Amino acid sequence: KTKKPTMIFSGSHDLAVEGIAAHLEKHVTLLNMSVGSLDGLVNLRQGLCQVSGSHLLDENGEYNTPFVRHLFPDRDVEIVTLAHRTPGLMLAAGNPKGIQKVTDIARPKVRFVNRNPGSGTRLWMDNQLHQLGIPAHKIIGYDFVVKTHSEAAALIENGKADVSLGLQAAAQQHGLDFIPLFEERYDLVLPRENEQTLSPLLDHIQTATFRSELKSLAGYNSAHSGEQIPV
């Protein structure tokens, strides 16, 4: 009996990646390590995984490519769009605290749950707070950190926090209210030499099955799924 090959994914937490892992599990084991976009790329650079997932926005409004160029100046790396997703404010059902916008997370009595440093979500939030002139110490729970959208949503669902920046799909899965803030591009990053190993994954994201799976995730858009981004 041949042993199932194992692929290690390391990067930003994504609900579609979880779905892909479930879809491929008959043939391939996809180990999914949610460490955040930046640490995922560093792990890829160090050969600790075969593929990474990232949604890092640079100051010029460009997703992922500047970070990939910087970390892999000497390697042939490809970037393939997995999906566009909608992050925003995840709130308790019925929005009891009446939160409407990012500045409201600094109000007294509003409990925030943050994401890990180096995650694309955390970088976006820190940048936003900087632009709005909100000091981190003004936010209750700024240092309360979780690694996934799902963990943050579960804490709000269980009344342990009032608000977090997270994905619409995670909010929906946990019965939360949601205020969309923007749309982002989430890409898979892989060294070209891993293309062969990763072909089950890369082939799957080109299929109609994958696109219809994405439709079941609120705030996901498959219009550009499977497209290669020039590095």
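This one's a predicted model, so the numbers in the text were calculated from it and none came from an experiment. The residues of the chain are indexed from 1 along the displayed sequence.
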For residues 193-203, which side-chain donor-acceptor pairs fall under 3.5 Å, sequence neighbours excluded?
| from | atom 1 | to | atom 2 | distance (Å) |
| --- | --- | --- | --- | --- |
| Asn194 | ND2 | Gln50 | O | 3.0 |
| Ser199 | OG | Gln196 | O | 2.9 |

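- Not a single ring-ring contact (aromatic ring centres under 6.0 Å, His included) links Phe72 to another residue, sequence neighbours left out.
- Residues in residues 121-140 take part in these salt bridge (charged side-chain N to carboxylate O under 4.0 Å, His left out) pairs, two or more places apart or across chains: Arg122-Asp126.
- Partners of Ser216 according to the side-chain contact (heavy atoms from CB on, under 4.5 Å) rule, which considers only residues two or more places apart in sequence or in another chain, do not exist here.
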Using atom types as modelled, flag every donor-acceptor pair under 3.5 Å from a side chain in residues 152-160 to any protein atom, sequence neighbours excluded.
| from | atom 1 | to | atom 2 | distance (Å) |
| --- | --- | --- | --- | --- |
| Glu157 | OE1 | His174 | ND1 | 2.9 |
| Asn158 | ND2 | Ala154 | O | 3.0 |

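- Residues Phe112 and Ile140 are not in side-chain contact: their nearest non-hydrogen atoms beyond the backbone lie 4.5 Å or more apart.
- Partners of Asn127 by side-chain contact (heavy atoms from CB on, under 4.5 Å), not counting sequence neighbours, listed by chain and number: Gln131.
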What donor-acceptor contacts under 3.5 angstrom involve side-chain atoms of residues 224-231, with partners at least two apart or in another chain?
| from | atom 1 | to | atom 2 | distance (Å) |
| --- | --- | --- | --- | --- |
| His224 | ND1 | Glu227 | OE1 | 3.1 |
| His224 | ND1 | Glu227 | OE2 | 3.0 |
| Ser225 | OG | Leu82 | O | 2.6 |
| Ser225 | OG | Ser222 | O | 3.4 |
| Gln228 | NE2 | Glu78 | OE1 | 2.9 |

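- The list of salt bridge (charged side-chain N to carboxylate O under 4.0 Å, His left out) pairs with a residue in residues 165-184, not counting sequence neighbours, reads Arg85-Glu184.
- Listed by first then second residue, pairs satisfying salt bridge (charged side-chain N to carboxylate O under 4.0 Å, His left out) with a partner in residues 88-99 read Lys97-Asp162, not counting sequence neighbours.
- Residues passing the ring-ring contact (aromatic ring centres under 6.0 Å, His included) test with Phe67, sequence neighbours excluded: none.
- Every side-chain contact (heavy atoms from CB on, under 4.5 Å) that Pro96 has, sequence neighbours left out, goes to Ala92.
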Pairs of donor and acceptor atoms involving the side chains of residues 28-43, under 3.5 Å and at least two apart or interchain, shall be tabulated with distances.
| from | atom 1 | to | atom 2 | distance (Å) |
| --- | --- | --- | --- | --- |
| Ser37 | OG | His55 | N | 3.2 |
| Asn43 | ND2 | Ser10 | OG | 2.9 |

